[in-house]
Each structure stands twice: as C-alpha cells, then as structure tokens.
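Just so we're on the same page: letters track the sequence lines, and every chain starts at 1. Any value given below was found using the heavy atoms of this structure, including those in side chains, with hydrogens, waters and symmetry copies removed. Quick caveat, the model's predicted, so the values are computed rather than measured.
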Amino acid sequence: MSDDLYEDAIVGLAKAAHGAGKLDGADASAMVDNPLCGDRVTVEIKRDGGRTTAIGHSVKGCLLCRAAASMLGLHGTGLTAAEVTTNIAALDALLQHGAAPPAGAWPELIHFAPVSRHKSRFDCVRLPLQAAAKALSA
Amino acid sequence: MSDDLYEDAIVGLAKAAHGAGKLDGADASAMVDNPLCGDRVTVEIKRDGGRTTAIGHSVKGCLLCRAAASMLGLHGTGLTAAEVTTNIAALDALLQHGAAPPAGAWPELIHFAPVSRHKSRFDCVRLPLQAAAKALSA
Amino acid sequence: MALDVQRLRTEFPILSTQPGGRTLHYLDNAATAQMPRAVIDAVTRHETGDRANVARGVHALAERATAAFEGARAAVADYLNASSPEEVAFTSGTTAAINLAAHGLGAHLKPGDEVVLSELEHHSNIVPWQMLRERTGIEIKVLPVTEDGRIDFTFFDRIVTKRCRLIALTHVSNVTGAVTDVAPVVEAARAVGALVLLDGAQAVPHGPVDVRALGVDLYAFSGHKMYGPNGIGALWGKRDVLAMMPPMLGGGGMIRHVTFARTAYADPPKRFEAGTPPIAQAVGLGAAAQWVQALDREAVAAHELRLTGKMLSGLATVPGLRVIGPTGLQGRRGVVSFAVEGVHPHDLCQWLNDRFGVALRGGHHCAEPLMQRFGLDGTSRASLAPYNTDADIDALVEGVADARRNLA
Amino acid sequence: MALDVQRLRTEFPILSTQPGGRTLHYLDNAATAQMPRAVIDAVTRHETGDRANVARGVHALAERATAAFEGARAAVADYLNASSPEEVAFTSGTTAAINLAAHGLGAHLKPGDEVVLSELEHHSNIVPWQMLRERTGIEIKVLPVTEDGRIDFTFFDRIVTKRCRLIALTHVSNVTGAVTDVAPVVEAARAVGALVLLDGAQAVPHGPVDVRALGVDLYAFSGHKMYGPNGIGALWGKRDVLAMMPPMLGGGGMIRHVTFARTAYADPPKRFEAGTPPIAQAVGLGAAAQWVQALDREAVAAHELRLTGKMLSGLATVPGLRVIGPTGLQGRRGVVSFAVEGVHPHDLCQWLNDRFGVALRGGHHCAEPLMQRFGLDGTSRASLAPYNTDADIDALVEGVADARRNLA
Ligand SMILES: Cc1ncc(COP(=O)(O)O)c(C=O)c1O
Ligand SMILES: Cc1ncc(COP(=O)(O)O)c(C=O)c1O
C-alpha cells in the first residue's frame, strides 16, 4: 500500500513537465525553497487583470515537486490567486487528513493522496503552489 | 557495617580538636579548599629548621575534616615535610585500597578506614594534611 | 480523592531498592527526581523501535523518529500551555536554556543595560549573566532576600529602573522552596519595557505550568527534575522573543544555507538546535510531561502540602535546628532547607544515609550568594515528590534528631 | 575468525522489526547507528538502580551515580587512549564539542589569525568557525577536495601559513567515506605552531581511536553514531589545551566560587560541564565504548571492507550512477554516496524504503559546500555498521537499479 507513492499518474505528470521552462516577458515571479531538502521552485507568470495568461516554472527538486509543478502548468492559463489558495487548502486537507478534494479543485490533486503517509514529503508537493501564490500576489 | 563512619574514635578526635585555633607569630601558613563542598582548612606552623615546633589550624568543614585536623594537631610538634607526605600516602592507600597503614604512620589513621567506602568524602580527610604539606613546603 | 501513594510507588522501580543497604527514603527530588516505568519504557521503546536521526530522512525509521521528536515538542508545549510547539526549543537542560537566553538576548543589550536577578538564584541563573556582563558590559542588579527566604520586593521599584532590560528569577527556589509571586514582576517589567525570564527547574515537577497565564517571555527547565531523562530540557519563549535571538551554537540542523562565505540560519526553534538533538531524551520528556498531567493534580498538591507540614513541624522539634526558608505552608513547595547548630550538612546527610536510609542533599545547592546571605556554608535539604510517604518524613525527623545527638 | 553477523544482529532488537512494512535493511548508520541490548540495558539499569544527581551528594544513590558517570569518563578515555579521564569533557554531541572548542580557542585568537578547514567538512565543523569569525575577525581558509572526494593536499603548504592557529578537519568524511591522512596535517601544524582538531563523528564507530598516536590536540565525537545514546558526546583535549580554554556555558557544577561580584571557574573537564550533565547518557556511551572494544576489530574491519567492495561494484553496474568519493577500497570507510542521473536523492531513498525496505539518507548531508564542489544538490548515501549483511547490499543494489528504471 505504500507502494503507490510513485504511481504512474505522478511519475507521468512529472515527466510531462507541463509548463516547465522560463517565460519570456513575465509580469511577476517568485521563488520559494525548502532549506531542509534544498528544493527550490521559481514560478513566473504573465497576467491580465487578476488572471494568468501564462505560467512557467523552474524546479530544482524531487519528482513529487516536479509533478506538482506540472499540475500547476496544466492550469496555467486563467488562474487567479483565490484559485491557487483554494487548491493549496484542498491539498493540505488531502495530505493532512486524507480529505477528498472538493468539486472544483484540480482533478490531478487526488494523485498526491499517497503522499499523506509521508509527512516529510508534504512540502515537496506544496512548494510549486506556494510559489504560484506568491507570484500572483506580487 | 556502613554504620561506623562516625565511630566514636573519629567523633572523639573531632571534638577534642587538638591544635585548633590560630597560632601567634606563625612562620608559615597555607590554605586549601574543596570547592565541591566548600570545606576550607588553614594550617599555620612555627618551625625550627625542617621541623615544626607548633601547629595551629582553622577548619571550616565537616566532622571528618575536623577529625583529620585534630589528628594533625596531635602530631604538631617535630613534624617534617617528609613525614606529612608519608602519612598522606598512607592515608591514600587506606582510603583507596583499604591498605593498613605501615609501621611508623600515625596511629589515628586507621580510624579513617570506614571512609574508604565513601569516595566523595576522601578529600574531607585529606584537606588538613594537604594544607600542612603546603605550609611546610612554603 | 486522596492520592494512592502505594500504587504510585510501584511505578518507580528504584524506590524498592536498598542502595545503601536500607530501605530507601528518597528526599533528594529537587536534585533529580526518579523516573516512572512509563518514561523508562517510552525511551526504551523509542530506542528499540523508532531510533533514527531526525529531519531530512525519508525512510520509515527517520519518519517515525521525527514524528516522535516533534510529538514530544507538542507534549511539552501542551504542558506549558504554549501557543505553539514552535515556541519550544529543546536544550540539554535548564542551564543550557538560560545560557541560550543570555546569549540570544545579549545580542540586543548595550553597556549599562540592566539585568535584575535575586539573591535566591541558582548559579545557573547567575553565571550566564556574569559571562554576558564580561562580554557586553551590562549591569547586574540583585533583589535581596527576606529572613524567611523569599525574594524581597521592598526595594523593587528602586532596583528595577528604566535601564532594566530583563528580570530573570527563579520560579521556585531550590533552597527555600519559596514560590515567586510572578504577577508584580511582570507588571514592573512591562512598565519599563523589560522582558521576564523564569527559571522553572523547581516549578515544572509540581504540575503543568501556564506560561501564558504567567505572562512571562522566557521559561527554562530540565527533564531530569520532572521525572524525565537527563540531558534534556527546554527554553520556551514567545515567538517574537525567540525570533530576535541569534543562535548560540552552529552546526547541522540550524541552518538554511551554508557556504564558506555566508551562512543563513533557520527559524526558531530549529535555529537553537544545532546538531543531532537529544531525540530519545525528548521522547522521554514528552512522556514525563504526559505522566505528570495524568496525575490528580489536586490530590498530589494536598499530599505534598501535608508532608511538607509534617516535615516542618517535625524538624521544629529538633533543638538547634533552623529552617532556611518559609516556616509556614503559604507560597512554598516541598523543598525544605535547614541548618543544625554544630553539625555540618555533609555529616548530617551521611548520617541519615548510613543509619536511616534517607537520601538528602547537603551543601550550597549551587546557591552560594544565598548561603552568604544567611551566613552559612551550606544547608541540608529535603525535597518531596508525589511518591514520598509519611514513613519518609518520620525517618528524616528521627534521623536528624539522632544526628544532632551524636554529632553536635 | 569471520564475524558472526547473525549472532551480532540478535543484539539489536530493531533490526528484526519491519518499520516500513518490510524487512529492514538499515544502511543509514552514518546518521545514527543502532543501539545494542547491552547499551540499552546499561541505561535502563542506571535509571532503575543508580539514578541521582552527581557530585556533592553523599547519599548512596548519589555516590553510585557519580561513580557510574566518572566510570563512563574513564571508559571513554580508554577508548581514545587518552592520558587521563580528565582530558574528556562530556558534551551533548560532536556539534556541541566543536562549538566548545571554537569558543575556547577563540579566546586566544586575534583578527587575521587563520583557521584551516576543508571543503569536505560537515556544517558542524564550518558554522562554529564562521560564528567565531564574526566575533573575532579570524580568517577561514579552505582546503579543496579532489575529484574522488578526499582532502586535496596539493596546495597544503600555500594554505597553511604562519598565521594558521588551527587546522580543523574531519577524520572520516560523512559523505565520501574518505579517511583523512592525519600525520602530514599534524606535521604541518607543528611547523607553524598551530593546533589540530579532528571531527571524529564518523571515525569512532569503527573502533577505538588513539588520540595520542594521532598526535592531535582536540577530538570531537557523538555517542549516537557509535551505538550509544543521543544527547551525549565528548571533546577530548590535551590537558594544556583544555586548560587554556574558558568555559562556554555558565552554571552549576563548573564553578569554584560564586559571588555576584566575581566567579571563579573549576578546572577541566568540570569547567566545561555546566549544569547537571547527561549522566545516564554518559553511562550509555561508556557501555557503547566497551561494547565496540569487545568486538573482534579485525573481523569487523574485514567484514565492512568486503561489504563496501560489494556495494561499490554493485552500484557500478547501475547506468548513470556516479559515486561521490573514492571508488576503490584504500583509505576509506563504508560510507558510500552516489548520484543517479535524473533521479532526485529523496525519490531514490523513498523508493528504496517503500519497495525494498532499505533505509538510506538522501540530501546534502550537512555538507553543502561539498555538494557545490561536485555541482550537486544532494546525494544518496549508504553507510555500514558491523551488523549489515550481504542481503542488505543486494537489496540496495537491486533497489537502486529499479528506482532508476522507473524514475529516471
Ligand atoms: C562528520 C560529522 N561531523 C559532525 C557531525 C555532527 O554530529 P552531531 O549531529 O551528533 O552533533 C556529523 C553527524 O551528523 C558528522 O557526520
Ligand atoms: C532552581 C534551579 N535552577 C537551575 C538548575 C539547573 O538545572 P540543570 O542542572 O538541570 O541544568 C537547578 C537544578 O540544579 C535548579 O534547582
């Protein structure tokens, strides 16, 4: 049962690396890191009003981190700060209490359910979302 | 068997307090203390050549320390540095290994035999002798 | 409900041993309290089932050890009613905790700034401030002690001036048993913008402490005095107070990033926990906190109060005996120091050990200034824990009387 | 005689548990080694039979506790072949020991004086010197590391100048496993009148160390890495070196006399042991030292060497795997770090834990400068103890290959 931390969906998401890379002419960017493990994520956004028109990310981190960044990339257009916050809350509820993501949350969130058994890895998944939140509020 | 640390001989020796008090016109004096327990002994001597003609001591310390000082007082006249050293060695052998004092050592030493079971009290007994040795080598 | 002392005693294997060849009457609890089975087992269980280094490790044992260590932090925070586990920095004990505070606050003190202590303090709440005085030129001001061994607040207003930056006092005296009245201290400190640190070494064994209700800024204590392991203690601090303190020790675990050119430190409490922390000991401390919390606190207090009364009235019958500290039961704990005319504390303690099986402590109790205040070289001290009995007090009183008859 | 590993394993209860739901292959010994029954029992025996505060106490338990504590000091002195137990100061671990040394030696250093470290150092042997640099203006000079993860002595003469006051190096690297060649270091230090400190955290688990034969001045290590408890370690120092060091922490037990005006400190090692020391932990460390000494040292060395060889050749078969450190068996210990192209160390370690029961450590191993040297964010590390088996290595190698196939 602990076998599925790296289930195909997560590995696939990481390898797909949606939105990976630098963004030309970004309107805002933010870097967050986890000194405990050295992971570091930079997210760049372009926006129009309160919504993103594009997202790019550079991840120095583990596969879980890359998968989360890739999920972010999938939803990189038309994103609002509130939406990111909602998804961070849904992720936290999933990781900490195993709560199923509410309707409207990103469908890929559920792939991270197996991480809930590994407290030391929570931050790996949260990092890209935190960077996005920071960039959106910049 | 541990009952005899304060056997009558030791208590009697302490109460007799041979040589207690200050010495007028001392030739030399020495103070030693044990910071662990706060005991402090000052020994004053008068001497003629290498031998004492009188000894006085002030003890701020426990009964074992006072008994040892009193023993020193008993032998306060005609003492040499070598004699003190010999008796310290005999005392150490008694305390550390239960060795009977050799012929020629002070007869009262044997009263301190029960102290050998109480490492934390060794220094109480040694202090007056160390002060005497220090005064004699001053 | 009265405390079931006999049942409680069965939790402490050492109480039924005969270390000196006689039934043990352990009245040296203020030096180190004994450890219940629950705590011993918690430590052993950790070492045999969850042992690993904490943080950064992703394998199962490392995750378990980290959960156990952070769980212990939460248990300690709960014991202190702290706002958050992050306000608890583990140290090796009270002494290390106060040194950490002195180092951390010291970074913000200037020559002439004043730290107020009392004559009642343990060396561990004196020497760190003296060392700081040498480094930074602060002034140390000392609250005197009353005849009955309490901090004397008569001159409080004169001693706590505008230059005061910190008042650091013992919460309960390890010599006189007096409980410090904290509220006026906090009030006076607030009035001049000073912080308050309490040395809680002798307070925490008597049940949970509410640091928020006390209103202090920093609180230090040791595990081994509250039925926990050696080698562990904690400094609790308000978040913003800890945040302004630089670390005292450098090393693994307390950094954000290291290069040879520059190193950035982690946030509290990690900032203060350089190197592999005392993991199993923290687990033991957490278990000890929970063990104390599970006791019927009122029953324990009533039991200790009754034994303290019995001890004070029993000792009062011994001629030439003088209690150093409050002779009544108000505002004091079951720590009773006394001097017997003509009998050195070490002789008295030895006599009580050898002939009565009573374990006391004799000497200056790391409170030399207090001894000087009372013109003594030392005292004998009996100190209670919930597992003490009437028989312990009977043996004490009988032994002291006997020692006096034979040694004075 | 070959080592009877199966018998040895029965001494470690944790090795037969299944923390992650699978047979445990514990290869995280460099982080924390497991504790044999003998050590666990020594600690429990102390807590249940001899527990008391040390020094100054005259009751039977206090005498026993003091004898046990000082006996542990003697056992550690013997393990190190020290001239006297008084050369051993107990600390809470390697990190605290190095900080103590930095503080103590720092009192004698002037701006511009040089301390020489290496790129191989653990943060615990970097940050204390950086903190000292901030306080006193010393210079830190850094010996580079060779491609195979050893200290590079090529520029030694240029880096160790007349201004050098101390060379502080790791005895065995916790990342590459390289053993430092100490003789030329001591020689160079002597030539310029500098002292030598070794960080022995990774050396002491492999058997007694002879500090006199090494010819160094200070030696630091931790208990938890040599099969002993957490919260304990030691700084060994030559008598005259310790004697010139002021204390780092103030408090009970480290003083001669205290008044508010002036305080005089005790002699080493007590001067460095402020507060109630980690008594039970010291007893455990003494027991651990004796446990290691009772092993057949040659058999252990041969066993670990063989497993290291097996590990290196097994890992060499994994495509895209690069060993960070010596690839041969000369001058190294059973600590093997590696990087797998395209696989993050934490993913690799998690994969090995979840699917193979192998406990590794992944990350920077508190050696960020070394990671920078190799252009890595981290490595995965397997580290051996005498109780490791061929099965552990098989699981490791199979697991790493599997992780790469699935995650890269
Ligand atoms: C080489 C080295 N030095 C220092 C340390 C720090 O030891 P500790 O964390 O026990 O203080 C370690 C272990 O983490 C180490 O491997
Ligand atoms: C009031 C008080 N403060 C501080 C200490 C020092 O505690 P530790 O020796 O555990 O650091 C003690 C105990 O010795 C104490 O009683």
For each of [options], tally heavy-atom pairs with chain C at distances under 4.5 Å, and name the one with the top tally.
| options | answer |
| --- | --- |
| D/Met254, D/Glu119, D/Arg133 | D/Arg133 |
| D/Pro369, D/Ala367, D/Pro13 | D/Pro369 |
| D/Ser92, D/Gly363, D/Gly93, D/Ala52 | D/Ala52 |
| D/His346, D/His224, D/Met248 | D/His224 |
| D/Thr48, D/Thr94, D/Leu360 | D/Thr48 |

Calculate, to the nearest 0.5 Å, the distance between atoms [atom1] and [atom2] belonging to [X] and [Y] respectively.
| X | Y | atom1 | atom2 | answer |
| --- | --- | --- | --- | --- |
| C/Phe260 | D/Ile126 | CZ | CD1 | 4.0 Å |
| C/His59 | D/Tyr26 | NE2 | OH | 5.0 Å |
| C/Glu368 | D/His257 | CD | NE2 | 6.5 Å |
| C/Leu249 | D/Thr91 | CG | OG1 | 10.0 Å |
| C/Asn230 | D/Phe69 | CG | CZ | 9.0 Å |
| D/Thr259 | C/Gln130 | OG1 | CD | 6.5 Å |

Does the side chain of C/Pro247 come within less than 4.5 Å of D/Met131's, by heavy atoms? yes
Using the side-chain contact (heavy atoms from CB on, under 4.5 Å) rule, take C/Ile14 and D/Leu61 through it: C-alpha gap first, then chi angles, then the decisive distance, then the call. CA-CA 10 Å; C/Ile14 206 168; D/Leu61 284 181; 4.0 Å; yes
With only heavy atoms counted, which part of D/His122 is less than 4.5 Å from chain C, the side chain, the backbone, both or neither? side chain
Using non-hydrogen atoms and a 4.5 Å limit, figure out which bit of D/Leu24 sits close to chain C: side chain, backbone, both or neither. side chain
By a 4.5 Å heavy-atom criterion (distance strictly below it), what part of [X] contacts chain D: side chain, backbone, both, or neither?
| X | answer |
| --- | --- |
| C/Ala33 | backbone |
| C/Ala97 | neither |
| C/Asn125 | neither |
| C/Ile98 | neither |
| C/Gln350 | both |
| C/Val54 | backbone |
| C/Met371 | neither |
| C/Gln281 | side chain |
| C/Ile255 | side chain |
| C/Val258 | both |
| C/Arg262 | backbone |

With side-chain contact (heavy atoms from CB on, under 4.5 Å) as the test, would you mind laying out the steps for C/Thr263 and D/His123 before giving the verdict? CA-CA 10 Å; C/Thr263 285; D/His123 294 165; over 6 Å; no
Per-residue tally against chain D (heavy atom, under 4.5 Å) across C/Ala359, C/Ala60, C/Gly250, C/Gly21 peaks at C/Gly250
So which of C/Ala65, C/Ala261, C/Gly362, C/Gly233 has the largest heavy-atom pair count under 4.5 angstrom toward chain D? C/Ala261
side-chain contact (heavy atoms from CB on, under 4.5 Å) assessment of C/Thr44 paired with D/Met35: CA-CA 10 Å; C/Thr44 306; D/Met35 235 165 130; over 6 Å; no
Is a side-chain N or O of [X] found less than 3.5 angstrom from the main chain of [Y], in a donor-acceptor match?
| X | Y | answer |
| --- | --- | --- |
| D/Asn53 | C/Thr32 | no |
| D/Ser124 | C/Gly252 | yes |
| C/Glu47 | D/Ile40 | no |
| C/Arg361 | D/Val58 | no |
| C/Arg64 | D/Pro19 | yes |

Step by step, would you call C/Thr276 with D/Thr95 a side-chain contact (heavy atoms from CB on, under 4.5 Å)? CA-CA 8 Å; C/Thr276 304; D/Thr95 303; over 6 Å; no
